[in-house]
Amino acid sequence: MNISTKYSPADIEDKWYQAWLDAKCFASSPDEREPYTIVIPPPNVTGILHMGHMLNNTIQDVLVRRKRMEGYNACWVPGTDHASIATEAKVVNMLADQGISKFDIGRKKYLEHAFEWKEKYGGIILQQLKKLGASCDWDRTSFTMDEDYSKSVIQVFCDLYDKGHVYRGIRMVNWDPSAKTAVSDEEVIHKDTPGNLYHVRYAIKDMEGEFVTIATTRPETILGDTAVAIHPEDERYTYLHGKKVLVPLINREIPIITDDYVDREFGTGCLKVTPAHDINDYEIGIRHNLPSIDVLNEDGTISEAGEMFIGEDRFVVRKKISKALEEAGNLVEKEPYNHSVGYSERTDAAIEPRLSMQWFLNMQEVSKPALKAVMEGEIELIPGKFINTYKYWMENVRDWCLSRQLWWGHQIPAYYIKGTNEHVVAPTAEEALEKAKAKTGNASMTMDNLAQDEDVLDTWASSWLWPISTFRGLTDPDNEDIKYYYPTNDLVTAPEILFFWVARMIIAGYEYMGEKPFKNVYLHGIVRDDKRRKMSKSLGNSPDSLELIEKFGADGVRVGMLLASPAGNDLLYKDSLVEQGRNFANKIWNAFRLVKGWETSDTPSSDTDKIAIEWMKAKIKDAAFEIDDHFSKFRISDALMSVYKLKWDDFCSWFLEMVKPPYGEPISAETLESVIDLFEEALKILHPFMPFITEEIWHGLRDRENGNFIMLSDMPKGNGDKPVILSEIELITEGITAVRNFRAQKGLSPKESIELYIKSDQKALFETYRGLLSKFLNTSKIEFVDEQVDGTGSLRVRTHEFFIPLGEVDVEAEKEKILKEIEYNEGFLIKIQKKLANERFVQNAPEKVVALERKKQADTEAKLALLKDSLAQLG
RNA sequence: GGGAGCUUAGCUCAGUUGGUUCAGAGCACCUGCCUUACAAGCAGGGGGUCACUGGUUCGAGUCCAGUAGUUCCCACCA
């Protein structure tokens, strides 16, 4: 048999993925088993696989594959999100490249282009997930704009409207002038931005030569000022009460008002009030009944209401108006000033607060069960530290602006009755017409009398139904799938979207299913580079995911992603992580090569073989138990590390060396059978992490019947027992390591055989493992003695002493070594003795702890006696 | 401005209700090895006043308070 010394993942990954698909290994349908369900956080339909996706989906796949092997009916539902703003931006750009504006071609034609784009690029990311090994049930692939899904989104909007939770109103919203749409508070990122603080003086009416000076960072909004505010108790300005001032440049007359909001300490203590362009000013405007002058168009240029600079961009105008103010003598001072500016998460355009008519969802009532569920542990956040954040948000929840001024998405099912201020809300145009007729009492109305709202719903107003609508839970509430799979088990996502998405899914779950949407929410960190910078296109610090898979193998990448990403912590990515993953795969591969290369003989297993096999069995069970515990606490990195060490250290470094026949000799067929069994057991535990290589070796170790896949095998279980062989072999391996160290220090080559003399009160134990010691240490003889043998060096393993002949013994060095050990042990003994001499310790500490201290004392005393004895013999 | 978290080896992190030789793991590092599965490897090794200060306790990496540094969330003052 000729197997390459290097594992080449490219040769086998596609082969096994296809085999799994062909055998429908990922498919799930309701049956008598207990379900285990995960719904994927749907990536943007036009997205491509980046590092964050790889981490997110690797975790999900590990969980799903493990549960599948544990006998659950595992179902991982994949799909994509229509991502209204992001996708619309891409489509608009694509059309712009062709010289087309969406407004020229109209809604219908535009949507055709958008769907065409979706058909072409949508779902690329799902194909990429397959490269990673994701075991999703692809037959269940959902899209948030699927016909059935859309129906449920509209149904929910209508229902919330009927319940009185949805309302329409003029509000100050975050306006994205680039996408020309409102965005939610959560989609605004505040960043410190350098700017200027402009001190501008306004002439006071009827007081020749007198001015008030205000400070602003946004001089272009001066055009929309409708008042200047001062603090009512500010004595510096009492004389201004009731006066009017003139807006610079345009000389519009505006009142001076008094309001507590004004901070007397800031700037000059005078505040210009622009209700249309600042949320606080807006509130002041309401209190004082001020008019709002909207001086900005929806694209961020100055509107006609501004009177000057009409049609020019806000940032251009900021510079121009500064100059104009200076020339007019109104600019008193311009100082550099850093202030916080909101930017759109999607387009990175500076957000404008803007008054507009929008649809809102009142969150007060609907969010209550969702808060309770998390506080009472009905839904668990992992790690738990996120509960605080969640609680704070849910207790201070604001109304949700549901409408977006876009076309790509679910058009709001509100219909305006032309010529009136009335509207109706209904799932279909026909039903809307009926409602409109009833509302107006005009039975002769036709569709021509209605106009549907032009806006679409916020993307999250569809994805919040994901755990329900992927199973058609709203459109077909009694179907088998929703009854069987809902509530789902685990949700794996990033904390960034805890409020956007997770909280809202919980709200929708309770509102529409009367039950939580999932039991556990596993929040993983963000993938960053090794300087803790977020991976981003502009920094160019993100590796190409697919190249990574190609270079290191999907298994290697999966392991690399999981090695250093405990729950809630960011993953600091560097290539060495995936290298480690690849090296691990190679290690396993070579263990496979070794086992495959052995010739067999009919001889029965030797005693040493039997010991090795018994030990490895116990070790695997022990690890299985430990790993199970890690999984129950979502300690996925720890679970991986346990299986890594089981495979590499225990299986390869110790076990295979224990049973390995001398060069050129065959192995007992009986032993080989067991070795293969144990290899398989370890592979099963490893499979969820490294699905491809484990499947390949599974089929390489034995001939398998069709449809016999490791991914469908049973996960090994442990029971927490610690058979005595575990601790005994631990002592033996400790002894082996000590002798190896001794050899290295004395410059004894491993090729030279040695004689080993053992002084111990547990001769039987060493007798049992004589074969192992001899095999690992290349001994020519092993003998038990009662005192040090002449011409030997000594070393101690716990309370046992080993002597090894040396050509020349440096007695002084030997003495010094022993003296050092005596010193250390005496120090240790004194600490224990002090502790035990402390009456309060003996009285208060649990018996178990005291007993352990006593044992430590006895062991140390025994060891000291041993050492002193040896020293005496050296003379 | 308000709140939460974090600080343990060069790096990334474990350390579960305070108590075993508890100060750990992986990687990195150092030394010796191309030993007939694997140099993407083997064997061995060094390395930390558990941020600082104080307190509670028989006993503190673990609990409490304060200090410093750091990260995140929320709000946003023109």
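Order of the sequence lines fixes the chain letters, A, B, ..., with proteins taken first and strands second; residue numbering starts at 1 for each chain.
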**Student:** List in numerical order all residues of residues 642-658 of chain A for which some heavy atom is under 4.0 Å away from an atom belonging to RNA chain B.
**Tutor:** A:Tyr644, A:Lys645, A:Trp648, A:Cys652, A:Ser653, A:Glu657
**Student:** Does A:Thr193 have any side chain to side chain donor-acceptor pair (under 3.5 Å) partners at least two apart in sequence or in another chain, and if so, which?
**Tutor:** A:Tyr343
**Student:** With sequence neighbours excluded, tell me which residues meet side chain to side chain donor-acceptor pair (under 3.5 Å) with A:Asp260.
**Tutor:** none
**Student:** So what does A:Asn388 touch, heavy atoms closer than 4.0 Å: a base, only the sugar-phosphate, or nothing?
**Tutor:** sugar-phosphate
**Student:** May I ask you to establish whether A:Lys587 and A:Phe584 are in a cation-pi arrangement, using a distance under 6.0 Å from NZ or CZ to the six-membered ring centre and at most 45° from the ring axis?
**Tutor:** no
**Student:** Using a 4.0 Å heavy-atom cut-off, does A:Asn825 contact any base of the nucleic acid, only the sugar-phosphate backbone, or nothing at all?
**Tutor:** base
**Student:** I'd like to know whether A:Lys272 forms a side-chain hydrogen bond (donor to acceptor under 3.5 Å, both in side chains) with A:Thr274, so could you lay out the CA-CA distance, the side-chain angles of the two residues, the decisive distance to 0.1 Å, and finally the verdict.
**Tutor:** CA-CA 7 Å; A:Lys272 74 188 213 48; A:Thr274 321; 2.8 Å; yes
**Student:** So, does A:Asn330 use its side chain to make a donor-acceptor pair with the main chain of A:Arg201 at under 3.5 Å?
**Tutor:** yes
**Student:** Categorize A:Pro846 for me: base, sugar-phosphate, or nothing, with a 4.0 angstrom heavy-atom threshold over every strand shown.
**Tutor:** base
**Student:** Among residues 731-741 of chain A, which residues get a heavy atom nearer than 4.0 Å to RNA chain B?
**Tutor:** A:Thr737, A:Arg740, A:Asn741
**Student:** Run A:Asp263 and A:Tyr261 through side-chain hydrogen bond (donor to acceptor under 3.5 Å, both in side chains) and show every step you take.
**Tutor:** CA-CA 6 Å; A:Asp263 178 356; A:Tyr261 172 78; over 6 Å; no
**Student:** Between B:U20, B:A37, B:A4, spot the one nearest the side chain of A:Leu852, thanks.
**Tutor:** B:U20
**Student:** Just compare B:A25, B:U36, B:U12 and give me whichever is closest to any side-chain atom of A:Tyr663.
**Tutor:** B:U36
**Student:** Counting side-chain heavy atoms from C-beta on, which of B:A37, B:U12, B:C58 comes nearest to A:Leu594?
**Tutor:** B:A37
**Student:** Would you indicate what A:Ala564 reaches in the nucleic acid, counting non-hydrogen atoms under 4.0 angstrom: base, sugar-phosphate, or nothing?
**Tutor:** sugar-phosphate
**Student:** Kindly say whether A:Arg840 contributes a backbone atom to a donor-acceptor pair with the side chain of A:Asn844 at under 3.5 angstrom?
**Tutor:** yes
**Student:** Checking A:Tyr824 now: which residues fulfil side chain to side chain contact (heavy atoms under 4.5 Å, CB included) with it, not counting sequence neighbours?
**Tutor:** none
**Student:** When every nucleotide of nucleotides 72-78 of chain B is labelled 5' to 3' by its protein contacts under 4.0 Å (heavy atoms), B for base, S for sugar-phosphate only, - for none, what sequence of letters results?
**Tutor:** -SSSBBB
**Student:** For A:Ile676, give me all partners under side chain to side chain contact (heavy atoms under 4.5 Å, CB included), at least two apart in sequence or on another chain.
**Tutor:** A:Val595, A:Leu672, A:Glu680, A:Leu701, A:Arg702
**Student:** Given B:G15, is OP1 or OP2 found less than 4.0 Å from the side-chain N or O atoms of A:Arg635?
**Tutor:** yes
**Student:** Please report, to 0.1 Å, the donor-acceptor pairs under 3.5 Å made by any side chain of residues 730-741 of chain A, with sequence neighbours excluded.
**Tutor:**
from	atom 1	to	atom 2	distance (Å)
A:Thr733	OG1	A:Ile729	O	3.0
A:Thr733	OG1	A:Glu730	O	2.9
A:Glu734	OE1	A:Arg798	NE	3.4
A:Glu734	OE1	A:Arg798	NH2	2.7
A:Glu734	OE2	A:Arg798	NE	3.2
A:Thr737	OG1	A:Thr733	O	3.0

**Student:** What's the closest nucleotide to the side chain of A:Asn844 if the choices are B:A25, B:A40, B:C58?
**Tutor:** B:C58
**Student:** Base, sugar-phosphate, or nothing for A:Lys660, non-hydrogen atoms under 4.0 angstrom?
**Tutor:** base
**Student:** Please identify each residue that fulfils salt bridge (Lys or Arg N to Asp or Glu O under 4.0 Å) with A:Asp278, with sequence neighbours left out.
**Tutor:** none
**Student:** Which residue pairs pass the side-chain hydrogen bond (donor to acceptor under 3.5 Å, both in side chains) test when at least one of the two sits in residues 551-561 of chain A, sequence neighbours left out?
**Tutor:** A:Asp61-A:Arg558
**Student:** Given a 3.5 Å cut-off on both pairing distances, which stems involving RNA chain B, each at least three consecutive Watson-Crick or G-U pairs, are present, if any?
**Tutor:** B:1-7 with B:68-74, B:10-13 with B:24-27, B:29-33 with B:41-45, B:51-55 with B:63-67
**Student:** For A:Glu395, which residues count as a side chain to side chain donor-acceptor pair (under 3.5 Å) partner, sequence neighbours excluded?
**Tutor:** none
**Student:** Could you pick out which residue, A:Ala744 or A:Asn590, lies toward the 5' side of RNA chain B when each is mapped onto its nearest nucleotide?
**Tutor:** A:Asn590
**Student:** Classify the angle between the aromatic ring planes of A:Phe499 and A:Trp393 as parallel (below 30°), tilted (30 to 60°) or perpendicular (above 60°).
**Tutor:** parallel
**Student:** Tell me whether the side-chain N/O atoms of A:Lys391 come closer than 4.0 Å to OP1 or OP2 in B:A4.
**Tutor:** no
**Student:** Has A:Lys633 got a side-chain N or O lying under 4.0 Å from the OP1 or OP2 atom of B:U16?
**Tutor:** no
